[in-house]
Amino acid sequence: QMQLVESGGGLVQPGGSLRLSCTASGFTLDFAHIAWFRQAPGKEREGVSCIVISGRNIRYADSVKGRFTISRGNPKNTVYLQMNSLRPEDTAIYSCAAIRNPTSPICTILPRYDYWGQGTQVTVSS
């Protein structure tokens, strides 16, 4: 069974950091573009960041540029989202998504992905 599982969420104070992990089972992330999305209560899902197979093309939403970093792990079946300088408005459920064998060399933070995880809650509050 092919699935994505996120971990690393939790409660953190404003200005703090968290690192989210996205791990695949049943397939390899070596041949997939990966993205992170988030959805806060009452708001639409927002694309946060994406990374291509090679890791050479990365995108970030303007709201997280300079604070969040996406990377591929070693072994490569994990993708991370390092989140620094967290703000209350970063509170949301964070999900990762994958598209296998993509036809485009670049990734997108639009929700055009084939596989989705269930999400992990991130709460930023004092």
Any donor-acceptor N/O pair, Asn77 side chain to Leu29 backbone, under 3.5 Å: yes

Shared hydrophobic cluster, Ile34 / Ile109 (ILVMFWY, side-chain heavy atoms < 4.5 Å): no

Check: Ile53 and Pro102 side chains under 4.5 Å, non-hydrogen atoms: yes

Pairs touching residues 6-16 that satisfy side chain to side chain donor-acceptor pair (under 3.5 Å), sequence neighbours left out: none

Residue pair Phe68 / Leu86, side-chain heavy-atom distance below 4.5 Å: yes

Distance, nearest 0.5 Å, that separates CZ of Arg56 from CD1 of Ile51: 11.5 Å

Straight-line distance of Arg67 CZ to Asn84 CG, nearest 0.5 Å: 9.0 Å

4.5 Å side-chain heavy-atom contact, Ser125 and Thr91: no

Any side-chain heavy-atom pair of Thr120 and Leu20 under 4.5 Å: yes

Separation of His33 NE2 from Ile58 CD1 (nearest 0.5 Å): 12.0 Å

4.5 Å side-chain heavy-atom contact, Arg72 and Tyr80: no

Carboxylate-amine/guanidinium contact Asp90 Arg87, below 4.0 Å: no

Note, Leu81 side chain near Tyr94 side chain (heavy atom, < 4.5 Å): yes

Donor-acceptor under 3.5 Å (Ser49 side chain, Trp36 main chain): no

Selection residues 90-126 - residue pairs positive for disulfide bond (SG atoms under 2.5 Å apart), sequence neighbours left out: Cys22-Cys96, Cys50-Cys107

Non-hydrogen atoms of Pro14 and Ser126 that approach each other most closely: CD-N, 3.7 Å

Interatomic distance, Ile70 atom CD1 to Met83 atom CE [nearest 0.5 angstrom]: 12.0 Å

Side-chain touch Ile99/Tyr115, heavy atoms, less than 4.5 angstrom: no

Thr108 side chain near Tyr113 side chain, heavy-atom distance below 4.5 Å: yes

Phe31 and Arg100: CA distance, side-chain angles, deciding distance, side-chain contact (heavy atoms from CB on, under 4.5 Å) verdict: CA-CA 6 Å; Phe31 304 106; Arg100 299 172 66 200; over 6 Å; no

Heavy atoms of other groups near Gln118 CD, more than 12 under 6.0 Å: no

Rounded distance (nearest 0.5 Å) linking atom CE of Met2 with atom CG of Leu4: 10.0 Å

Taking only distance into account, with no hydrogens and no angle test, what donor-acceptor pairs under 3.5 Å do side-chain atoms of residues 40-48 form with protein atoms, sequence neighbours excluded?
unit_1	atom_1	unit_2	atom_2	d
Glu46	OE1	Arg38	NE	2.8
Glu46	OE1	Arg38	NH2	3.2
Glu46	OE2	Ser63	OG	3.0

Linked, directly or transitively: Trp116 and Val5 (ILVMFWY side chains, under 4.5 Å): no

